[in-house]
Amino acid sequence: MSWMMCARISQGKASLLARAHKTTRSSPHLSSFYHSTSSSTTKLLRSSSDTMARFSPQQQSRPVHATPFLNHSTTPSDANYDTANPSYIRKYLRTYGLTPPRSESYETQKTRCLAQLGLKNTSIEKFLYLQNLRKNNVHLFYRMVTDHLRELTPLIYTPVVGEACQRWSEIYQAPEGMYISWEDRGNLAAVIANWPQPNVEITCITDGSRILGLGDLGINGMGIPIGKLALYTACAGIRPEATLPLTLDLGTSNKTLREDPLYMGSRRDKISAEEEKDFLDELMAALTERWPGIVIQFEDFKNPFPALERYRDTYTCFNDDIQGTGAVILGGVINAVKRSGLPCKDHRAVFFGAGSAGVGVAKQIVDFFVREGMTEDDARSCFYLVDTKGLVTADRGDKLADHKVYFARKDNNGEQYKTLEDVVEHVKPTILMGLSTIGGVFTPELLRKMADWNTTPIIFPLSNPSSKSECDFESAVVNTDGRCLFASGSPFPTHTFTNAAGETRTYYPGQGNNMYVFPGIGLGSILSKAVRVTDSMIYASGEALSKALNAEEIERGLLYPDITRIREVSVVVTRNVIRAAQADEVDRETGLRNMTDSDLDNWIKARMYDPHTEVRSLEREVGHLLSSLGSLSPLLNGSPTEEKNAKL
Ligand SMILES: NC(=O)C1=CN([C@@H]2O[C@H](COP(=O)(O)OP(=O)(O)OC[C@H]3O[C@@H](n4cnc5c(N)ncnc54)[C@H](O)[C@@H]3O)[C@@H](O)[C@H]2O)C=CC1
Ligand SMILES: CC(=O)C(=O)O
Ligand SMILES: [Mg+2]
C-alpha cells in the first residue's frame, strides 16, 4: 500500500475517531456515550474494535505508567547500556560486553558526570552535555537533575534553553522530539504513527512563534517542549517515554532565520491563523486517535487564545502560558497579598504586558479576589494592563485584541496613559507585574517609587529568559530597601544587603515560573483520566502551591517553596488537581474519589517515575522473570548484590 493511501485511510479513521472522541469526552460519564451519539455513528463505532477497545473498562483501568522498558526499540534512550546495570541484566538485554565491565554505583556515575560538566566552559556546552546524557542514559540524567534541581534546571530550562533555541539549528546534534510541517497536512496521523513510543501520556506542542521573550524562533523552539517535558519527568515523575515533545513547522515570521542556511525548518512565512486552525484540528484528532488519553499542553504560541477556546471542552488540553502561568502567579500572589497585610480590595496591580501570560495571570488573580469576597467588577477594577500603546482603555482608538477587552479601563475620563511611567504615576500600584518581554524596564527610579508608596511592594518581573526580566533581584532589593515581595520568571541568585536600619541579611528571590504547576496539572489530568482540564483544576494547582510552603520557607520570607522540594510539592498540586477534577466530574478514574488525601498522595507517589529506583526495579523485574524461567538461570551467574561493583 502506498504512503498516500495509508495516509488517506488513516486520515479518514482519524476524523471518525476524533468525532467519537469529542462526543465521549464532552461527557464525563461514559455510559452516556451511546445515548448521545446518532445511531449511525454509534453503529460505525461499535463496529470498530479499535474504538471499542479505547473506551472499554480495561482500557480505563490500564496501568497509567506502562513500562515498555525491556524493548530496545521503544526505550527513549539507551538506558539499556547503563553502566549501573549488573551483569545478569546486561546478559538478559544482550548488552553484555558492550559497556565497560564494572557495574557502577550511582555515586561513581554522578562523580564522573559532574566532573565532565565542570569541564564545559559555556552554558551551551553544558546544555549539550546534558542533552547527550539524556539520550545516552536517561535514568542517570534524571537522577542528576532531581538531585541537583537548583543547579541543573537553569541549564535544561530557562534561561539557558532560551539561548539553545536561538541557536538550535546551529547546535543541533541528534534527533529528539517530533517535528510536523504544514506540508504534512492531510497526513498527520500517518506522521504521528512514526513516533516509536507506544504509550504517550502527555505532549507539549509549540509552533515556535513566541519562544520565551525571544520572539518567533520557528522550529528552533523545539528546546522548549523538550525542556518542559524534562521537567514533567523530573518534577512530577511522568515517565520519560510517556512524553512527546512536538514542534510544528508552520513557517516563521523571522526573516533572519528564513535566510539562515543552517535553519532546519521550512523557509515559508508563517501560515495564516485560519490555516493554523485547520492544521490544529487535524493534529488534535490525530494525537487523540493514537493516544486516546493524551494530555495536550500548548506552549509558546504567539496568539494562543483561539486554540484554547476551540479545544478546551473537547480535548484534555491546557495552555501553559495563559493557564499554567496564571496558576503559578496566583500561588505567589496569594502569599504576597497575605504578607502585605492589605486586603484584596486595597490592591492596585499594574501589568506591563497584556499578552497571553499577562491576561492569564490577571484573570486568575481576579478569581482569587472574588473568592475573597469582592464582586467581579470590583475585582477587575484593581487591574491596569499596559501594552505597546500604553494603558489598555476602551476609548484608546485602536481595535483591542479580544483577550484585552475584559480589562479595558473605562474610568480614564478620556485621558490616555502612553508609558509605563505615566500609568504607574496615575495608579500608584501596590503590585507591579512584568510580562512584556522587555528586559530592564522596571528601572531603579520605578522601584524606588514602589517602595515610597508601599511598605511591602509586590514586584514580579516575570519575563524570560533572564535577559528579558523587567528587573533583576539585586536591583529590586536595593531599590526597595529590602522590602519588596519578589518573584521572577527566571532564577536569580540570593542577595545579601544592609538596609537603611543597618540590618544585614540574605534575601531569597522567588521563582514565579509555571514549572511549579504544569507538572502537577499534567500528572493530575493523566492520573484522574480527566476528559478535560477545567478552570477549577487550574485554580486548584495555584492555590495548592500557595499552601505548600513549610515553616522554614515561610521564615525565610519565600513566596514559593524551595525548588529542591518541587517533587514533593508536585504531589500536593497533583492531588488538588485530581480533587478539582472529581468535583467537576470530569474524572474517569472514579475509583480515586473515595481515597483519603494521604492514601491518594501515596497512590500518586507510587505512580511517579523515580530515576533512583529504576535500576532496582529493572533488577527486580528481570530477576523475577529469570527465576520463573528456571532453565535460563545460567544467565544469573550469582546474585545481583554479589555482582554489584564486582570485578568481572
Ligand atoms: N514566568 C513564567 O512562568 C512565564 C513567563 N512568561 C514570559 O512573559 C513574557 C510574555 O509572554 P506572553 O504574554 O505569552 O507574550 P505575548 O507576546 O502574548 O505578550 C507580550 C505583551 O507585552 C507587550 N509588550 C511588548 N513589548 C512592549 C513594549 N515595548 N512596551 C509595552 N508593552 C510591550 C505586548 O503588547 C503584549 O501585550 C515572555 O517573556 C515570557 O517568557 C510567559 C509565560 C510564563
Ligand atoms: C516559562 C514560560 O512558559 C515562558 O516563559 O513562556
Ligand atoms: Mg511558555
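In each ligand, atom 1 is the first atom listed, and ligand 1 is the first ligand listed.
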Nearest heavy-atom neighbours spanning Pro304 and Ile322: CG-CD1, 3.9 Å

When the ring planes of Tyr417 and His426 are compared, do they come out parallel, tilted or perpendicular, using 30° and 60° as the limits? parallel

Verdict with reasoning, Phe473 to Phe486, per ring pair (Phe, Tyr, Trp, His ring centres under 6.0 Å): CA-CA 8 Å; Phe473 184 50; Phe486 178 96; 4.8 Å; yes

Which atoms form the tightest heavy-atom contact between Gly520 and Thr574, and what is the distance? CA-OG1, 3.4 Å

Atom name, Glu299 (N, O or S, nearest to the Mg ion (ligand 3)): OE2

Write out the residue and atom name of the closest protein heavy atom to atom 1 (N) of ligand 1, then the distance separating them to 0.1 Å. Gly512 O, 2.9 Å

Any donor-acceptor N or O pair under 3.5 Å, side chains Gln416, Asp395: yes

Atom 18 (O) of ligand 1 - nearest protein heavy atom and its distance: Ser356 N, 3.0 Å

Count the heavy atoms of every other residue, nucleotide or ligand shown that sit under 6.0 Å from CG of Asp411, and state whether that count exceeds 12. yes

I need the nearest protein heavy-atom contact for atom 5 (O) of ligand 2: residue, atom name and distance, please. Asn464 ND2, 2.8 Å

Top protein contact for atom 5 (C) of ligand 1, by heavy-atom distance: Leu462 O, 3.1 Å

When distances are taken from atom 2 (C) of ligand 2, the protein heavy atom at minimum range is Lys228 NZ, 3.5 Å

Could you tell me, atom by atom, which parts of ligand 1 come under 4.0 Å of a heavy atom of Asp387? 31 (C), 32 (N), 35 (O), 37 (O)

What's the shortest distance from atom 27 (C) of ligand 1 to any protein heavy atom, and which residue and atom give it? Thr388 CG2, 3.5 Å

Heavy-atom closest pair (Gly218 atom, Leu257 atom, distance to 0.1 Å) is N-CD1, 4.0 Å

Considering both backbone and side-chain atoms of Ala354, is one of its nitrogen or oxygen atoms within less than 3.5 Å of a nitrogen or oxygen in ligand 1? yes

Establish, yes or no, whether the cationic atom of Arg348 lies under 6.0 Å from the six-membered ring centre of Tyr384 and within 45° of the ring axis. no

What I want to know is whether Asp321 and ligand 1 share at least one N or O pair that is separated by under 3.5 angstrom. no

Using a heavy-atom cut-off of under 4.0 Å, does the side chain or the backbone of Arg210 touch ligand 1, or both, or neither? side chain

Minimum heavy-atom separation for Thr325 to Ala357, with atom names? CG2-CB, 4.3 Å

Counting only heavy atoms, which portion of Asp300 has something under 4.0 Å from ligand 2: side chain, backbone, both, or neither? side chain

Within 45 degrees of the ring normal and closer than 6.0 Å to the centroid, is that where the cationic atom of Arg167 sits relative to Phe127? no

Under 3.5 Å, is there a donor-acceptor pair between the Asp300 and Thr206 side chains? no

Please say whether Tyr157 places an N or O atom under 3.5 Å from an N or O atom belonging to ligand 2. no

State whether the shortest distance between N or O atoms of Lys404 and N or O atoms of ligand 1 falls below 3.5 angstrom. no

Between Lys468 and ligand 1, does any nitrogen or oxygen pair lie at a separation below 3.5 Å? no

Are any of the N/O atoms on Gly355, whether in the backbone or the side chain, positioned under 3.5 angstrom from an N/O atom of ligand 1? yes

Which ligand 1 atoms are under 4.0 Å away from a heavy-atom of Ser436? 22 (O), 24 (N), 25 (C), 26 (N)

the protein heavy atom lying closest to atom 30 (N) of ligand 1 turns out to be Phe352 CZ, 3.3 Å

Examine the proximity of ligand 1 to Ile438 and report which part, side chain or backbone, both or neither, has a heavy atom under 4.0 Å away. side chain

Distance only, no hydrogens: is a donor on one side chain within 3.5 Å (strictly under) of an acceptor on the other, for Ser490 and Asn464? yes

Under a 4.0 Å threshold between the charged nitrogen and the carboxylate oxygen, would Arg448 count as salt-bridged to Asp452? no

Below 4.0 Å from any atom of ligand 2, is there a heavy atom belonging to Met515? no

What residue and atom, counting heavy atoms only, is the protein's closest point to atom 3 (O) of ligand 1, and at what distance? Asn514 N, 3.0 Å

for atom 8 (O) of ligand 1, nearest protein heavy atom and its distance come out as Leu435 CD2, 3.5 Å

Give a yes/no verdict on whether any heavy atom in Lys302 is under 4.0 Å from an atom of ligand 1. yes

Under a 3.5 Å cutoff, is there a donor and acceptor pairing between the side chains of Asp216 and Ser209? no

Would you call Lys389 and Asp387 a salt bridge, using N to O less than 4.0 angstrom? no

Non-hydrogen atom of Thr158 closer than 4.0 Å to ligand 2: no

Measure the CG-CD1 distance between Leu248 and Ile205 for me, rounded to the nearest 0.5 Å. 6.0 Å

Look only at interatomic distance and state if Gly353 has a nitrogen or oxygen under 3.5 Å from any nitrogen or oxygen of ligand 1. no

Quick one: does Thr325 get an N or O within less than 3.5 Å of an N or O on ligand 1? no

How does Ile224 reach ligand 2, by side chain, by backbone, by both or by neither, if only non-hydrogen atoms under 4.0 Å count? neither

Which atom of Asp321 is nearest the Mg ion (ligand 3), counting N, O or S only? It is OD1

Any N or O of Val386 closer than 3.5 Å to N or O of ligand 1: no

The atom of Asp300 among N, O or S that is nearest the Mg ion (ligand 3) is OD1

For atom 38 (C) of ligand 1, grab the closest protein heavy atom and report residue, atom and distance to one decimal in Å. Thr437 CG2, 3.6 Å

